J.: 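To start, I am sharing the structure in question, which I have written as structure tokens.
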Amino acid sequence: DPLSQEWTTIPLPYTHDDANIYMYHFIPRGWETGKEWGFVVEAEDDAGARRFCGTISLRNRGEGRAELAYGAHPWARGRGFMERALRILVEWGFAQQNLNTIEWLAQRGNWPSWRLAWRLGFSFEGVLRGWLSQRARSASTSTSASTGTRAAPQPTRIVGLPVSATASAKASSSAST
């Protein structure tokens with residue numbers, strides 16, 4: 001969709017093959033190497049059918065640090081699904097991966113991403129000029145950091161499994177197999 005293309009580095013055009021490579025190769029490889037812990041988010045629509053909402057991940061930066069990354073499918077935007085999933089992910093990162101700091105980066109002007117990060121408790125920390133490279137141009141990036149722990153998240157589904165604060169370890173072991 002146009003918003004994802006504007007604010008991310010996904011390939012253009014983004015094909016079904018690109019999606020399959022990301023889902024079936026990139027996400028599992030991140031778990032295998034410990035470089036990125038990625039999840040697929042899904043939720044039920046009004047008719048009760050399970051639908052793809054987007055992807056979320058923590059990119060392991062080492063030394064107890066990770067970067068929060070997410071992308072929402074247009075259908076899921078504004079419905080609260082991604083916020084619930086990201087709350088679970090942040091809690092899981094602190095509790096299960098022993099993270100001390102989770103940072104969030106986004107291009108300046110990406111207000112939907114900013115609003116979601118702020119709802120999660122991230123605060124604006126500064127601007128990294130020319131930090132992100134996107135399609136042969138450098139973009140200024142806003143940065144934010146979060147430390148400590150979060151309140152218990154609301155249950156939702158990530159990677160097709162019921163997940164709550166008490167089931168986080170189960171999700172990580174299932175997702176890594």
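When a residue number appears, it is its place in the shown sequence, counting from 1. Computed from a predicted model, the values in this text were never measured in an experiment.
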J.: Mind listing the closest non-hydrogen atom pair of A85 and I56 along with its distance?
T.: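 Shortest heavy-atom separation between A85 and I56 comes out as O-CD1, 3.7 Å.
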
J.: Side chains of E103 and R61: does their closest heavy-atom pair fall under 4.5 Å?
T.: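 Result yes, sub-4.5 Å side-chain heavy-atom pair found.
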
J.: Determine, using the 4.5 Å side-chain heavy-atom cutoff (strictly less than), whether L86 and F52 are members of one ILVMFWY cluster.
T.: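 They do share one cluster, since a chain of ILVMFWY contacts under 4.5 Å joins L86 to F52.
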
J.: Which heavy atom in L58 sits nearest to a heavy atom in G93, and how many Å separate them?
T.: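 That closest heavy-atom pairing would be CD1-CA, 3.7 Å.
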
J.: Give me the ring orientation class for W75 and F81: parallel if the planes are under 30° apart, tilted from 30 to 60°, perpendicular past 60°.
T.: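 Answer is parallel, since the angle falls under 30°.
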
J.: Salt bridge check: are E44 and R51 linked by an N-O gap of less than 4.0 Å?
T.: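 Result for this pair is no, no salt bridge flagged.
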
J.: Should the pair W118 and W114 be assigned to parallel (<30°), tilted (30 to 60°) or perpendicular (>60°) ring geometry?
T.: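 W118 and W114: perpendicular rings.
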
J.: So, E83 and R87, do they make that salt bridge, N to O below 4.0 Å?
T.: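 Salt bridge between E83 and R87, a charged N being under 4.0 Å from a carboxylate O: yes.
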
J.: Using only atom types and a distance under 3.5 Å, with no angle test, would you say the side chain of T33 pairs donor to acceptor with the backbone of K35?
T.: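 Pair found, side chain donor or acceptor close to backbone of K35.
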
J.: Please tell me if the side chains of L68 and F122 come closer than 4.5 Å, counting only heavy atoms from C-beta onward.
T.: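 Counting from C-beta outward, L68 and F122 do come under 4.5 Å.
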
J.: Give, for atom CG of N20 and atom NE2 of H16, the distance between the pair rounded to the nearest 0.5 Å.
T.: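 Going from the CG atom of N20 to the NE2 atom of H16 covers 5.0 Å.
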
J.: Quick check on R119: does its CZ atom have over 12 non-hydrogen neighbours (other residues, nucleotides or ligands) under 6.0 Å away?
T.: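 Enclosed.
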
J.: Can you give me the closest heavy-atom contact between T101 and F94, atom names plus distance?
T.: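 Shortest heavy-atom separation between T101 and F94 comes out as N-CE2, 4.2 Å.
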
J.: Could you walk me through whether C53 and H73 pass the side chain to side chain contact (heavy atoms under 4.5 Å, CB included) test, one step at a time?
T.: CA-CA 5 Å; C53 292; H73 186 276; 5.5 Å; no

J.: Hydrophobic clustering (ILVMFWY, side-chain heavy atoms < 4.5 Å, transitive) - are I27 and Y24 grouped together?
T.: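 Y24 clusters together with I27.
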
J.: Just to verify, what does H25 make a side chain to side chain donor-acceptor pair (under 3.5 Å) with, not counting sequence neighbours?
T.: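 If we apply the side chain to side chain donor-acceptor pair (under 3.5 Å) test to H25, skipping adjacent residues, there are no hits.
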
J.: If you look at every heavy atom in S113 and W104, which pair is closest and at what distance?
T.: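 Shortest heavy-atom separation between S113 and W104 comes out as OG-NE1, 3.2 Å.
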
J.: Nearest 0.5 Å please: distance from the CD atom of E91 over to the CG atom of L120.
T.: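 That separation rounds to 12.5 Å.
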
J.: Enter the distance from R59:CZ to L105:CG here, rounded to the nearest 0.5 Å.
T.: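 CG of L105 is found 9.0 Å from CZ of R59.
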
J.: Evaluate the ring pair (Phe, Tyr, Trp, His ring centres under 6.0 Å) criterion for residues F39 and W31: first the C-alpha distance (whole Å), next the side-chain angles of each, then the deciding distance (0.1 Å), finally the verdict.
T.: CA-CA 10 Å; F39 296 88; W31 280 91; 5.4 Å; yes

J.: Would you sort out whether M82 and V41 count as a side chain to side chain contact (heavy atoms under 4.5 Å, CB included), showing the intermediate values?
T.: CA-CA 7 Å; M82 297 303 286; V41 180; 4.1 Å; yes

J.: Over all heavy atoms of both residues, which pair between R65 and N60 is shortest? Give the atoms and the distance, please.
T.: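 What the structure gives for the nearest pair is O-OD1, 3.6 Å.
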
J.: Consider only side-chain heavy atoms of I, L, V, M, F, W and Y, link residues closer than 4.5 Å, and tell whether M23 and Y70 are in one cluster.
T.: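 Yes; tracing contacts between hydrophobic side chains, which count when under 4.5 Å, links both residues.
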
J.: For E63 and N100, which heavy atoms make the closest approach, and how far apart are they?
T.: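 Distance-wise, the nearest heavy atoms are O-ND2, 4.4 Å.
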
